[in-house]
Structure formats: C-alpha cells, structure tokens
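From a predicted model like this one, the values you see are computed outputs, not experimental measurements. Throughout, numbering of the chain's residues begins at 1 and tracks the sequence.
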Amino acid sequence: MSDNNSNSTIERSSFTNKIGFVLAAAGSAVGLGNLWRFPYCVAKYGGGMFLLIYVILGLTFGFSLMVAEIAIGRKTRLSAIGAFDKLKPGYSFIGVIASLVPIIITPYYCVIGGWVLKFLWSYITMPTNIVASTNEAGLTIFEQLITAPAEPLVWFLIFMCFNILIIAIGVEKGIEKFSKILMPILVALILIVAIYSCTLPNAIKGIQYYLIPRSEEFSINTILSAMSQLFYSLSLAMGIMITYGSYMKKDCNIETSVWQIEIFDTVIAFLAGLAIIPAVFSCGTPDDLKAGPSLMFIILPRLFNTMEAGRIIAIIFFFLVFFAALTSSISLYETCVSIFQDRFKQKRIPSIVFTLLICIVIGSLASLGYGPLSMITFFGMQFLDLFDFISNSILMPIVAFLTCIFIGYIIKPKVLIEEVESSNGNFRLKGLFTIVIKYIAPVLILIILVASILQNMGIIPTI
C-alpha cells in the first residue's frame with residue numbers, strides 16, 4: 001500500500017495496518033538500548049530507584065514526545081526535514097539537525113551489531129571457557145576483536161548486509177513483515193533467559209536490588225541518567241518516529257499506538273534487567289554491575305562460563321541481542337533512506353545506496369578506531385565514542401528541546417492534538433501532553449544538555 005505525497009515526486013510507502021506500525025516502531029525502540037545499556041544503567045545509577053524514575057519519565061515525557069513526533073510525521077507525510085518546514089516554513093533547520101542523528105548513529109550502531117554477531121558466532125563454534133578466556137597478552141576476546149586490524153570491519157559489513165536485504169524489500173514487505181516475525185521471537189527469547197536467571201542460586205538478592213527502590217539511591221544523577229536512557233531506548237529525537245509516523249495510516253489511533261509501543265519497549269527493558277542483574281548477583285559480584293558498557297562483552301561471558309548449560313544460554317542471549325540490534329538498525333537505516341528520498345527527490349534504491357556509502361565511511365572509522373586508528377582521538381575520545389557523544393549527548397537533546405519549543409510556542413500544541421484526534425475523535429491525555437511539551441520537557445532537556453557538556457569538559461563528574 002502507498003500514499004502519494006503531494007510535495008514529492010516519489011511514491012510514499014505505508015504500513016498496512018496498526019499492528020504492523022506498532023511492531024515496527026516497537027522494533028525501532030527495542031534494541032541495544034534495552035538489552036545492553038538499560039541493565040548497566042539500572043545497576044550503576046540506583047537499582048530500583050532508577051527503574052521507578054525511568055517508568056515515571058516514560059509515562060509522561062516519553063509518551064508526550066513520541067506522540068508529538070508520530071503526529072508530525074503523519075500530518076505532513078514527510079521525514080524530519082520536510083515535516084518541520086511544511087508545518088512552519090523556515091523551520092526546516094530543526095529537521096536538518098534531527099536528520100544528522102540517524103546518519104551518525106546508524107554506522108556505529110551497526111559496528112556494535114557486528115560485535116554482537118562475533119560473540120554469537122564464537123559461542124556457536126567455541127566452548128564458553130574459550131570465549132571467557134584471555135590470550136597471552138591478557139586480552140579478552142572482546143578486546144582482541146576491537147583492536148584487531150580488520151576483523152571488526154568484517155563483522156560490521158556482515159551486519160550491514162542483513163540491514164540492506166531487509167531495507168531493499170521496502171516498508172510493507174521488508175520492515176513490517178520482518179518486525180512481525182522478529183519481535184515475537186525476541187519476546188520469547190528474553191523471557192526464557194529472564195526466567196532462567198531468576199532461578200539461579202542467590203538470584204533473589206539481585207531481584208531485590210532491581211525491584212525495590214531505596215531512598216538513599218535517589219539523586220539528580222539518577223534522574224539525568226534515566227532521562228538520557230529514555231532518549232536512547234525509545235528512539236526519540238532521531239527523526240525515526242517522524243519517519244514511521246509518515247508511513248502511518250490516518251485511521252490508526254496515535255495515542256493507543258504510543259501506549260502499546262511504550263509498554264512493549266519497557267517490558268523488554270525490564271526483562272533484560274531481570275535477565276542480567278540476578279545472574280550477576282548469582283555468579284559474580286555486585287561490583288561487576290558497575291562494569292558499564294563492557295558488562296555484555298566481558299562480564300557476561302565470565303558468568304556464562306560459570307553456569308550449567310552456559311553455552312546454550314549464551315547462544316540464546318546473543319541471538320536475542322542480535323534480533324534486537326537488527327530491528328533498531330533497520331529503523332535507523334530506513335530513516336536515513338527516507339530523509340534522502342524526501343530531500344533530494346530520489347527513488348528508494350539510489351537512496352539506499354547513498355546511505356550505504358555514508359555508513360561504510362563512518363562505520364569504517366568507528367570499526368578501526370580502537371585498532372589501527374587508535375592514535376587518532378578527539379578530546380580523548382576514539383571515533384565511536386566521539387560519534388556516540390555528538391549524537392546522544394549533544395544533538396538529541398538539542399533536537400528534543402527545539403521540537404518542544406516548536407510545538408509549544410510556534411505552531412502550538414493544538415495543531416498536533418487535532419491530528420491525534422482525527423483518527424479517534426478524542427485525545428484523552430491532551431492536557432498532560434500540553435503541559436509536558438510546553439513546560440516540563442524543555443527544562444529537563446536543557447539540564448541534560450548542559451550536564452552532558454560540563455561532564456565532557458570535566459567540570460562535573462560523569463553521571
């Protein structure tokens with residue numbers, strides 16, 4: 001199915017129905033942010049207190065911004081650059097900044113997806129003790145991978161091939177169809193791992209740490225980290241939800257769809273924490289939880305090595321992470337393709353090829369940044385860390401802040417409220433939506449942006 005876009009010479013695709021849209025958008029939201037980043041953020045920034053704050057922010061800030069982005073996309077039938085300009089001529093610069101986010105994130109996200117593929121292949125072909133071991137130089141398999149001269153680039157390109165195959169098929173037959181297949185598999189796998197983790201010896205201590213909020217763990221850092229994670233986890237301020245909204249049919253209920261996406265995303269993130277944190281308490285030490293980004297690639301292999309049937313659990317786990325990474329990278333790639341289609345009035349295949357060339361260039365730098373290109377740093381950051389900082393800590397808060405100001409004070413919330421109500425006649429939480437977009441979200445986003453800059457400058461501690 002497709003809709004003709006009056007502002008473009010190209011034919012615009014669409015999702016066939018609400019289920020297809022919800023699963024595809026949920027697939028975008030459910031990714032490495034849920035399975036990799038969320039568990040270590042929970043562990044590092046307050047356990048149950050972080051979880052509580054994250055849920056509250058998701059139900060208010062996350063809900064409002066996702067409704068806004070999807071409504072912008074559906075109303076304009078355009079991706080970010082064209083959408084803002086169509087709503088108010090002269091404001092396409094917001095869309096330009098938003099479009100830079102997926103263009104920067106997609107390549108290095110696929111690099112990390114390549115790391116996941118490497119570990120999946122390692123567990124399929126090697127015993128757990130080998131994967132968890134170090135070489136003569138004391139390097140883990142992960143450290144050997146990222147510092148190798150060519151191997152990380154190979155795995156990055158393999159992961160990119162999976163994206164190209166699905167994206168080339170299109171929105172309806174590619175993204176929607178594969179989301180309907182992959183998302184139920186993802187839920188089943190994470191549920192299996194979570195149940196198994198909760199049955200391990202001493203897992204109850206991890207469950208208590210994860211679920212019970214403790215007042216002493218509350219701090220401004222907990223709020224800021226939860227807010228930052230919300231952007232990453234829900235695919236906000238990246239232009240993704242605007243793009244997917246532009247594929248959404250007019251008879252789909254935006255408010256209900258957003259709730260379903262958020263519930264799906266939060267449940268997966270919750271189960272990811274339930275799969276990892278009790279296992280760490282059972283087979284490792286609480287200090288292992290503080291490992292941060294290396295939790296998945298260094299600490300977890302050690303834990304799998306101590307588990308009975310650890311190899312099977314490891315294979316299932318990394319299959320799960322691969323599926324999650326793939327659904328998100330597809331949405332990122334599709335957003336880039338849509339941007340180039342709308343901006344340059346190109347057909348789909350040329351836009352896919354152009355996006356691929358950009359991904360190869362930026363992804364190659366990120367792949368080799370810890371190895372052959374390790375001598376090149378920017379403010380002490382390797383290429384991948386630099387791309388991550390620019391996109392997540394600078395551009396995304398700026399995009400979210402400008403979006404809130406644009407909606408709240410330029411076009412006014414009523415414009416998007418009418419779009420939401422056009423499909424069902426009633427936007428039950430339009431009061432909350434207006435208050436959050438106009439007053440609450442801009443303040444919180446500005447605090448995150450300033451804190452990120454000050455932390456990078458070393459003026460205040462990293463959250």
Discussion item. Go through it in stages, so that I can follow the logic: the residues are Val116 and Phe323, the test is side-chain contact (heavy atoms from CB on, under 4.5 Å), and I'd like the CA-CA distance, side-chain angles, deciding distance and then a yes or no.
Written reply: CA-CA 10 Å; Val116 173; Phe323 284 147; over 6 Å; no
Item to complete: Using a 4.5 Å cut-off on heavy atoms from C-beta on, say whether the side chain of Ile339 contacts that of Ser79.
Response: yes
Worksheet item: Does one side chain, of Ser235 or Tyr244, offer a donor that lies under 3.5 Å from an acceptor on the other?
Response: no
Worksheet item: Any side-chain heavy atom of Cys110 within less than 4.5 Å of one from Asn163?
Response: yes
Practice prompt. With the side chain counted from C-beta on, respond yes when Pro213 and Phe218 share a heavy-atom pair under 4.5 Å apart, and no when they do not.
Written response: no
Discussion item. Please evaluate residues Phe389 and Phe379 with respect to the criterion ring pair (Phe, Tyr, Trp, His ring centres under 6.0 Å), reporting the C-alpha separation (whole Å), side-chain torsions for both, the decisive distance (0.1 Å), and the verdict.
Written reply: CA-CA 11 Å; Phe389 175 75; Phe379 306 103; 8.4 Å; no
Worksheet item: Are there more than 12 heavy atoms of other residues, nucleotides or ligands under 6.0 Å from atom CZ of Arg428?
Response: no
Response to the item:
Sequence neighbours excluded, the answer for side chain to side chain donor-acceptor pair (under 3.5 Å) partners of Asn392 is Tyr108, Asp388
Fill in: Exam field: side chain Ser246 to backbone Thr243, donor-acceptor pair closer than 3.5 Å
yes
Discussion item. Whether the side chain of Arg311 engages the backbone of Ile124 through a donor-acceptor N/O pair (distance < 3.5 Å, no angle test) should be reported.
Written reply: yes
Practice prompt. Ignoring hydrogens and angles, tell me if any N or O in the side chain of Arg74 forms a donor-acceptor pair with the backbone of Ile254 under 3.5 Å.
Written response: no
Item to complete: Quick one: do Ile190 and Leu35 satisfy side-chain contact (heavy atoms from CB on, under 4.5 Å)? Show the steps, please.
Response: CA-CA 9 Å; Ile190 189 62; Leu35 301 181; 4.0 Å; yes
Discussion item. Are Ile141 and Lys118 packed together at the side-chain level, in the sense that at least one heavy-atom pair is separated by less than 4.5 angstrom?
Written reply: yes
Item to complete: Mind jotting down which residue pairs meet the ring-ring contact (aromatic ring centres under 6.0 Å, His included) criterion with at least one end in residues 127-151? Sequence neighbours excluded, please.
Response: Trp115-Phe142, Phe142-Phe297
Item to complete: Identify the heavy atoms of Tyr209 and Ala43 that sit nearest to each other, and give their distance.
Response: OH-O, 2.6 Å
Discussion item. Between Asn202 (side chain only) and Phe281 (backbone N and O only), is there a donor and an acceptor less than 3.5 Å apart?
Written reply: no
Worksheet item: Can you check whether Ile242 reaches Ile70 side chain to side chain, under 4.5 Å on heavy atoms?
Response: no
Practice prompt. Would you name the heavy atoms of Ser257 and Asn253 that are closest together and state the gap between them?
Written response: OG-O, 2.7 Å
Discussion item. Run Phe38 and Ser233 through side-chain contact (heavy atoms from CB on, under 4.5 Å) and show every step you take.
Written reply: CA-CA 8 Å; Phe38 182 82; Ser233 183; 5.8 Å; no
Worksheet entry | Ile448 to Ser228 - nearest heavy-atom pair and separation | CD1-N, 4.1 Å
Worksheet item: Taking the side chain as C-beta and beyond, is there a heavy-atom pair between Ile445 and Cys404 under 4.5 Å?
Response: yes
Worksheet item: Phe317 and Tyr123: aromatic ring centres closer than 6.0 Å?
Response: no
Worksheet item: What is the distance from atom CG of Leu368 to atom OG of Ser374, rounded to the nearest 0.5 Å?
Response: 10.0 Å
Worksheet item: What's the spacing between Met396 CE and Ile398 CD1 if we round to 0.5 Å?
Response: 12.0 Å
Worksheet item: Side chain of Glu255, backbone of Phe427: donor and acceptor closer than 3.5 Å?
Response: no
Item to complete: Give the minimum heavy-atom separation between Ala71 and Glu419, together with the two atoms involved.
Response: O-CG, 3.7 Å
Fill in: Of Phe50, Tyr210, Phe264, the residue whose pairing with Phe270 passes ring pair (Phe, Tyr, Trp, His ring centres under 6.0 Å)
Tyr210
Item to complete: Spell out, as yes or no, whether a donor-acceptor pair under 3.5 Å connects the side chain of Glu262 to the backbone of Trp259.
Response: no
Practice prompt. Using the test side chain to side chain donor-acceptor pair (under 3.5 Å), find all partners of Lys430 that sit at least two apart in sequence or belong to another chain.
Written response: Glu421
Practice prompt. Would you please name every residue forming a ring pair (Phe, Tyr, Trp, His ring centres under 6.0 Å) with Phe406, sequence neighbours left out?
Written response: Phe84, Tyr91
Worksheet item: Would you say Thr125's side chain and Trp121's backbone share a donor-acceptor pair under 3.5 angstrom?
Response: yes
Discussion item. Within this structure, what is the OG-CZ distance for the pair Ser393 and Phe231, rounded to the nearest 0.5 Å?
Written reply: 10.5 Å
Worksheet item: How many angstroms lie between CG in Leu395 and CG in Leu449, if you round to the nearest 0.5 Å?
Response: 10.0 Å
Discussion item. Do Val131 and Asn305 make a side-chain contact, defined as non-hydrogen atoms from C-beta onward lying under 4.5 Å apart?
Written reply: no
Worksheet item: Side chains of Leu120 and Val321: closer than 4.5 Å at any heavy-atom pair?
Response: no
Worksheet item: Rounded to the nearest 0.5 Å, how far does OG1 of Thr256 lie from CD1 of Ile261?
Response: 11.0 Å
Worksheet item: Hey, does the side chain of Ser338 reach the backbone of Thr335 with a donor-acceptor pair shorter than 3.5 angstrom?
Response: no
Worksheet item: Angle class for the Phe304/Phe318 ring planes (parallel below 30°, perpendicular above 60°, tilted otherwise)?
Response: perpendicular
Discussion item. Quick check: closest heavy atoms across Leu326 and Ile166, and the distance to 0.1 Å?
Written reply: CD2-CD1, 4.0 Å
Discussion item. Using the side chain to side chain donor-acceptor pair (under 3.5 Å) criterion, which residues pair with Tyr370? Sequence neighbours excluded.
Written reply: Asp385
Practice prompt. For the pair Ser328 (side chain) and Ala325 (backbone), establish whether a donor and an acceptor sit closer than 3.5 Å, ignoring hydrogens and angles.
Written response: no
Practice prompt. State the OG-CG distance between Ser391 and Leu386, to the nearest 0.5 angstrom.
Written response: 9.0 Å
Fill in: Nearest heavy atoms of Ser225 and Thr222, plus distance in Å
OG-O, 3.0 Å
Worksheet item: Got more than 12 heavy atoms from elsewhere within 6.0 Å of CD1, Ile204?
Response: yes
Discussion item. Between Phe387 and Val111, is the side-chain contact (heavy atoms from CB on, under 4.5 Å) condition met? List the steps.
Written reply: CA-CA 12 Å; Phe387 298 147; Val111 170; over 6 Å; no
Please list every donor-acceptor pair under 3.5 Å in which a side-chain atom of residues 56-69 meets a protein atom from a residue at least two apart or in another chain.
unit_1	atom_1	unit_2	atom_2	d
Thr60	OG1	Ile56	O	2.9
Thr60	OG1	Leu57	O	3.3
Ser64	OG	Thr60	O	2.9
Glu69	OE2	Ala237	N	2.9

